[in-house]
Amino acid sequence: MSFRKFSIYIAFLSVFILTLTGCSSSTDSSSSSSSSTTTEKTTFKKSINSSTPVVWFYADGTNWYDMPKNELPTIGKDSDIYGAFVNQKGNSHFYTFIDKSGSASVTLKDFKNLTGQKLVDKVKKLATTERVQGNKLKVHITTDETGNNTKSETISYAFSNESLMSNPLTLSNSAVQGTVYNNLYLGFKLSGSTSNMLITPVTGEKATVELDK
């Protein structure tokens, strides 16, 4: 083989190896990207069995005074918080934030940028009452005519003494979302003509919350 032909052969072999390396790198990158965008779905019942604490706030929209019919409540830093479910490892505790006048004593800005155990600790610190739910907490599903789709979900818990929190919470299938400081909140508007909602802070752009089925 001549030196010229040998040089061309080496050059071709080098390009071929680089091409294979590029394909491998592209495939690995694609796999990594795909796994990093996996959608994590949360429901209320699923959150009760979570290994990490999940907090659901019973909140009021900041547009409660002028919310048009058929529109959704707005999640904001000044959203009043009346109560919170803290779910973890099969247990659920319910905390209230009601002052002596019967009004909410905290807002979402009191939980600025908090998640996980730090959020739970702040909930416990600010709560006016705590109710250990255990197996007293019930979730009832209402479906549409087909029986395949959830129309609403009712959460019944051990009643607190405050009249504001004396009824079960019925979630509609109207989803709400909003960002407060660095926290993204997802959840559901309560059924009926109300600006109340049940929301939870989530992590990741692909996180979603769904009604139980």
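None of the values given here were measured: they were computed from a predicted structure. Hydrogens, waters and symmetry mates are skipped; everything else that's a heavy atom, side chains included, is used.
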Hits for side chain to side chain donor-acceptor pair (under 3.5 Å) against Thr150, two or more places apart or cross-chain, chain-then-number order -> none
Ignoring hydrogens and geometry, is there a side-chain-to-backbone donor-acceptor pair from Thr128 to Ile98 under 3.5 Å? yes
Value rounded to 0.5 Å, distance of CG in Leu198 from OH in Tyr185: 13.0 Å
Side chain to side chain contact (heavy atoms under 4.5 Å, CB included) partners for Ile48, two or more places apart: Phe44, Asn87, Leu137
Exactly one candidate in Trp56, Phe57, Phe85 meets ring-ring contact (aromatic ring centres under 6.0 Å, His included) with Phe94; the answer is Phe85
Between Pro53 and Gln88, what is the shortest heavy-atom contact and its length? CD-NE2, 3.5 Å
Any chance you could measure Asn63, atom CG, to Leu72, atom CG, to the nearest 0.5 Å? 9.0 Å
Of the non-hydrogen atoms in Ala84 and Phe97, which two are nearest, and what is the gap between them? CB-CE1, 3.8 Å
N/O donor to acceptor pairs below 3.5 angstrom from side-chain atoms of residues 168-181, sequence neighbours left out:
{"unit_1": "Thr170", "atom_1": "OG1", "unit_2": "Thr154", "atom_2": "OG1", "d": "3.1"}
{"unit_1": "Ser172", "atom_1": "OG", "unit_2": "Ser174", "atom_2": "N", "d": "3.2"}
{"unit_1": "Ser172", "atom_1": "OG", "unit_2": "Lys189", "atom_2": "O", "d": "2.8"}

For Thr203, enumerate each residue passing the side chain to side chain contact (heavy atoms under 4.5 Å, CB included) test, keeping only those at least two apart in sequence or located in another chain. none
Salt bridge (Lys or Arg N to Asp or Glu O under 4.0 Å): pairs with one or both residues in residues 112-128, sequence neighbours excluded: none
Does any non-hydrogen side-chain atom of Val86 lie less than 4.5 Å from one of Val123? yes
CG of Asp60 to OG1 of Thr107, rounded to nearest 0.5 Å, is 11.5 Å
Pairs involving residues 74-87, ordered by first then second residue, that meet salt bridge (Lys or Arg N to Asp or Glu O under 4.0 Å) (sequence neighbours left out): Asp78-Lys109
Nearest 0.5 Å, please: how far is OH in Tyr58 from CD1 in Ile199? 12.5 Å
Only one of Thr96, Asn196, Val106 forms a side chain to side chain contact (heavy atoms under 4.5 Å, CB included) with Tyr82, so which one is it? Asn196
Measuring from Phe111:CZ to Ile81:CD1, what's the distance to the nearest 0.5 Å? 6.5 Å
Tell me, please, which residues at least two apart from Lys45 pass side chain to side chain contact (heavy atoms under 4.5 Å, CB included). Thr43, Val139, Asp212
Partners meeting salt bridge (Lys or Arg N to Asp or Glu O under 4.0 Å) with Glu130 (sequence neighbours left out): none
With no hydrogens and no angle check, is any side-chain donor or acceptor of Asn113 less than 3.5 Å from a backbone partner on Asn182? yes
Which atom pair, heavy atoms only, marks the closest approach of Ala207 to Leu186? O-CD1, 3.4 Å
All ring pair (Phe, Tyr, Trp, His ring centres under 6.0 Å) counterparts of Phe188, not counting sequence neighbours: none
For Ser51, the side chain to side chain contact (heavy atoms under 4.5 Å, CB included) test, sequence neighbours excluded, returns none
Pairing residues for Asp110 by the salt bridge (Lys or Arg N to Asp or Glu O under 4.0 Å) criterion, not counting sequence neighbours: none
Calculate, to the nearest 0.5 Å, the distance between atoms OG1 and CG belonging to Thr115 and Leu184 respectively. 12.5 Å
Taking side chain as C-beta onward, heavy atoms only, is Thr200 less than 4.5 Å from Ser47? no
Which residue pairs satisfy the salt bridge (Lys or Arg N to Asp or Glu O under 4.0 Å) criterion with at least one member in residues 142-153, sequence neighbours excluded? none
